[in-house]
There are 4 protein chains.
Amino acid sequence: MPKLGMQPIRRRQLIQATLEAIDDVGLADATIARIAKRAGVSAGIISHYFGGKDGLLESTMRQILWDLGNAVAQRRARDDVTSPREHLHAIIDGNFDRSQVDKIVMKTWLAFWSVSMHRANLQRLQRVNDRRLYSNICHHFRRCLPRPDAQQAARGLAAMIDGLWLRGALAPQGIDVDRARQLAYDYVEEQLAHATSRTSPNA
Amino acid sequence: MPKLGMQPIRRRQLIQATLEAIDDVGLADATIARIAKRAGVSAGIISHYFGGKDGLLESTMRQILWDLGNAVAQRRARDDVTSPREHLHAIIDGNFDRSQVDKIVMKTWLAFWSVSMHRANLQRLQRVNDRRLYSNICHHFRRCLPRPDAQQAARGLAAMIDGLWLRGALAPQGIDVDRARQLAYDYVEEQLAHATSRTSPNA
Amino acid sequence: MPKLGMQPIRRRQLIQATLEAIDDVGLADATIARIAKRAGVSAGIISHYFGGKDGLLESTMRQILWDLGNAVAQRRARDDVTSPREHLHAIIDGNFDRSQVDKIVMKTWLAFWSVSMHRANLQRLQRVNDRRLYSNICHHFRRCLPRPDAQQAARGLAAMIDGLWLRGALAPQGIDVDRARQLAYDYVEEQLAHATSRTSPNA
Amino acid sequence: MPKLGMQPIRRRQLIQATLEAIDDVGLADATIARIAKRAGVSAGIISHYFGGKDGLLESTMRQILWDLGNAVAQRRARDDVTSPREHLHAIIDGNFDRSQVDKIVMKTWLAFWSVSMHRANLQRLQRVNDRRLYSNICHHFRRCLPRPDAQQAARGLAAMIDGLWLRGALAPQGIDVDRARQLAYDYVEEQLAHATSRTSPNA
DNA sequence: AATGAATGAGTCTTCATTCAT
DNA sequence: CATGAATGAAGACTCATTCAT
């Protein structure tokens with residue numbers, strides 16, 4: 001059974017099993033035993049690869065943060081993304097991308113939001129992500145809005161995105177991605193409209 | 001010896017202690033023992049008054065839901081609240097009111113959002129609240145917007161409110177109520193602006 | 001079942017059960033489950049009363065140290081104990097007293113000697129006891145010997161006592177108390193003999 | 001590829017690593033993983049060479065017993081060791097020899113004293129050593145003392161040696177070899193003094 | 001010969017709950 | 001009404017051992 005280089009394979013397996021377990025029974029009941037069973041391995045291996053449950057949770061959170069960052073980055077890397085509007089749309093699209101795992105990830109996110117308030121390491125991760133979303137948005141609003149307006153717009157859009165996400169996660173029928181995206185687009189449009197009337201017409 | 005009417009007193013004590021415990025160590029570590037100690041009573045009494053930990057949590061959630069509903073209702077009951085805009089502002093104000101317990105309540109809310117996904121009873125409570133916020137908002141947008149626009153505006157405003165709340169809860173420096181409220185007001189204004197140009201001028 | 005003031009009763013029960021378990025299977029295998037079963041209580045209660053296994057072990061060690069100190073003190077408190085020789089004999093007698101539990105205590109002592117090297121709290125207890133034995137002995141030798149001789153004699157007698165104890169603990173047939181005591185008496189006699197020839201004849 | 005004669009090399013490596021681990025963290029925490037890491041090999045190899053942890057511990061104990069026996073034997077093999085006194089001094093010197101590994105060995109010894117009470121195989125080894133010390137000593141006292149006196153003297157000297165060892169092992173500053181040896185010499189002298197006055201003048 | 005992977009039994013601990021007083 | 005005692009299941013974690021490579 002034991003082959004070489006299992007570590008990355010197992011780590012991925014276990015993180016995936018963690019996401020599924022959280023989706024299934026919630027973070028509070030996502031015990032090591034359950035996660036291990038779902039991954040088809042023994043419980044002891046988790047401590048072996050992650051040093052303990054905390055390590056597993058942190059790695060899981062890192063994973064979904066990285067996935068999100070990656071989704072956004074990919075959208076923004078496309079050639080046709082140049083204007084502030086396009087960049088902001090790319091950010092929105094990245095935040096509402098994430099195909100089939102969406103439901104799982106949203107639940108996990110919700111769970112982490114809650115626990116991160118009381119765990120320094122998770123809090124740090126979570127905060128970096130928060131600031132990144134805000135900074136990205138703010139940066140592009142800045143290209144066509146005066147600083148205070150850009151900051152306010154960025155706060156609004158970030159809240160809108162997170163709020164849509166949150167309500168989507170809580171809604172029994174799940175999130176309606178197109179509708180959510182449209183609401184975010186609309187919000188961007190409103191903000192840019194103010195800009196247009198005052199500064200540049202081709203935001 | 002048996003004091004009369006201890007029940008409501010004890011229940012309030014224990015719910016308050018629960019909120020404080022969640023604020024302090026998080027829901028996961030808010031054990032019955034800790035809550036009881038904070039309330040200055042023995043652990044056994046919780047099962048006596050609430051039938052168990054689940055009952056206590058449900059009662060606690062009911063409490064904060066009721067407080068929220070109450071805050072909104074009070075704002076809307078004022079004589080000068082008549083127009084859609086005034087009503088929507090009242091709803092916003094209600095959601096961002098809640099003086100000194102704010103931080104505690106926000107943390108608790110966050111915790112309940114997470115666990116309610118996996119507990120039927122909490123989920124029901126949470127959903128009622130969600131729908132109430134949406135319905136209230138939608139109802140007033142309907143007075144000056146066509147149904148689809150009103151629904152979309154309501155979804156947007158609800159998301160905005162929850163998003164501001166969420167980010168406020170997560171932010172280390174807490175929420176900036178005035179700024180949050182202003183963002184929500186602005187959002188309302190944008191939606192009503194569309195209405196004005198098409199339907200009624202006195203939204 | 002639950003009566004008031006069980007704490008001291010349970011603590012004594014559990015310490016006794018710990019001694020018996022160590023005597024039975026050794027410290028390494030004296031698990032909480034085994035100790036609890038022997039005491040006829042559930043395993044959880046140990047953490048409840050002692051805060052954990054470490055607390056139980058420390059309390060157990062304190063107990064046997066206190067018992068030893070007490071045995072010595074009682075001997076020395078007798079009216080007819082006045083001369084250095086009598087005091088030293090009382091110390092020896094105290095160290096070799098301890099009736100029926102002797103075998104159990106000796107094994108526990110041996111176990112604690114070993115683990116105390118790597119646990120700060122136990123090491124402290126153990127060291128206090130070591131120094132107490134030496135100081136007591138030294139003090140009485142000082143009454144009839146010059147300081148360097150008294151110190152050397154004290155080191156010798158302390159070593160003799162501990163060595164007899166150790167070998168008694170290890171011997172399959174247990175310790176022969178009378179023989180051990182006689183050897184210690186003899187050692188005292190030799191030391192005092194040197195004193196006699198040089199200083200006081202009525203040591 | 002398979003190197004020839006690895007067995008004795010590996011065994012010595014692992015035994016040495018075991019001693020160091022016990023010195024470092026105590027027998028209870030001297031896990032196979034730790035020992036293996038210290039030896040710079042994989043954990044699996046221990047079972048391969050020693051059949052399991054028990055085998056390793058037994059081999060380790062055999063090693064230190066053999067080292068002790070060897071130290072004594074070397075002292076006694078010297079040409080100028082002929083009289084009982086010289087032999088007894090050689091035994092004492094052997095027991096307090098053991099240069100640089102002293103502290104490590106003393107700790108290990110202490111640990112084994114404790115566990116050997118509950119492990120048949122270790123107990124046997126330990127007992128052989130005990131009896132050897134006693135027999136050696138007794139044999140030489142017999143050359144100048146009547147049997148009962150010789151036996152008693154042997155018990156006393158053995159206890160003295162072990163006691164000095166024990167207290168040396170427990171003392172934070174370690175053992176003072178010269179002082180310990182002097183105390184043992186003195187004890188021998190006292191015993192032989194009795195002999196001189198009664199039996200042979202050239203003990 | 002040697003390793004890293006993996007297991008599963010066993011340990012300590014926590015915690016909601018029950019119960020006699 | 002209220003307490004403190006007590007339980008027992010469940011949790012995370014450790015560790016000696018086995019096995020395929």
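Every heavy atom of this structure was used, including side-chain atoms; hydrogens, water molecules and symmetry mates were not.
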**Request:** Look at the side-chain N and O atoms of Arg10(A) and state whether any lies under 4.0 Å from the OP1 or OP2 oxygen of dA6(E).
**Result:** yes
**Asked** Only one of Thr18(C), Thr60(C), Ile22(C) forms a side chain to side chain contact (heavy atoms under 4.5 Å, CB included) with Leu27(C), so which one is it?
**Response** Ile22(C)
**Request:** Write down the distance between CD1 (Ile46(C)) and C1' (dT14(E)), rounded to a whole number of angstrom.
**Result:** 14 Å
**Item:** Between P of dA16(E) and CZ of Arg34(B), the distance in whole Å
**Value:** 10 Å
**Identity of whatever pairs with dA20(F) - Watson-Crick or G-U, under 3.5 angstrom** = dT3(E)
**Fill in**
Here the distance between atom C1' of dA6(F) and atom CD of Gln7(C), to the nearest Å, is 13 Å
**Prompt:** Should Arg38(A) and Asp24(A) count as an ion pair when the cut-off is N to O under 4.0 Å?
**Reply:** yes
**Asked** What is the distance, rounded to the nearest whole Å, between atom CG of Leu56(B) and atom P of dC15(E)?
**Response** 15 Å
**First of Asp29(A) and Gly51(D) reached from the 5' end of DNA chain F, by closest nucleotide** = Asp29(A)
**Prompt:** Between Lys53(B) and Ala30(B), what is the shortest heavy-atom contact and its length?
**Reply:** NZ-O, 3.2 Å
**Request:** Looking only at side-chain atoms of Ile32(B), point me to the closest of dG8(F), dC12(E), dA16(E).
**Result:** dA16(E)
**Item:** Heavy atoms from other residues, nucleotides or ligands near CZ of Arg62(A) exceed 12 (cutoff 6.0 Å)
**Value:** no
**Item:** Out of dT7(E), dG4(F), dA5(F), whichever nucleotide has its closest atom nearest the side chain of Ser42(B)
**Value:** dG4(F)
**Prompt:** Nearest-Å distance, CD1 (Ile35(B)) to C1' (dC15(E))?
**Reply:** 12 Å
**Prompt:** Out of dA16(F), dT3(E), dA2(E), which nucleotide sits closest to the side chain of Val41(D)?
**Reply:** dT3(E)
**Fill in**
Between CD1 of Ile9(C) and C1' of dG4(F) the distance, given in whole Å, is 13 Å
**Partner nucleotide, any strand, of dC12(E) [Watson-Crick/G-U, under 3.5 Å]** = dG11(F)
**Request:** Answer with base, sugar-phosphate or nothing: what part of the nucleic acid does Phe50(B) contact at a heavy-atom distance below 4.0 Å?
**Result:** nothing
**Request:** Take Gly40(C) and Gly44(B), find for each the nucleotide of DNA chain F with the closest heavy atom, and name the residue whose nucleotide sits nearer the 5' end.
**Result:** Gly44(B)
**Message:** Could you tell me how far apart Ile45(D) (CD1) and dA16(F) (P) are, to the nearest whole angstrom?
**Reply:** 16 Å
**Message:** Nearest whole Å is fine: how far is dT14(F) P from Lys53(D) NZ?
**Reply:** 15 Å
**Fill in**
Testing dA12(F), dA16(F), dG4(F) for proximity to the side chain of Thr31(A), the answer is dA12(F)
**Fill in**
Looking only at dA16(F), dT14(E), dT11(E), the nucleotide nearest the Ser47(C) side chain is dT14(E)
**Request:** Locate the shortest heavy-atom distance separating Asn121(D) from Glu58(D); write the atom from each residue and the value.
**Result:** ND2-OE1, 2.5 Å
**Among dT17(F), dA5(E), dT17(E), the one nearest His48(A) by side-chain distance** = dA5(E)
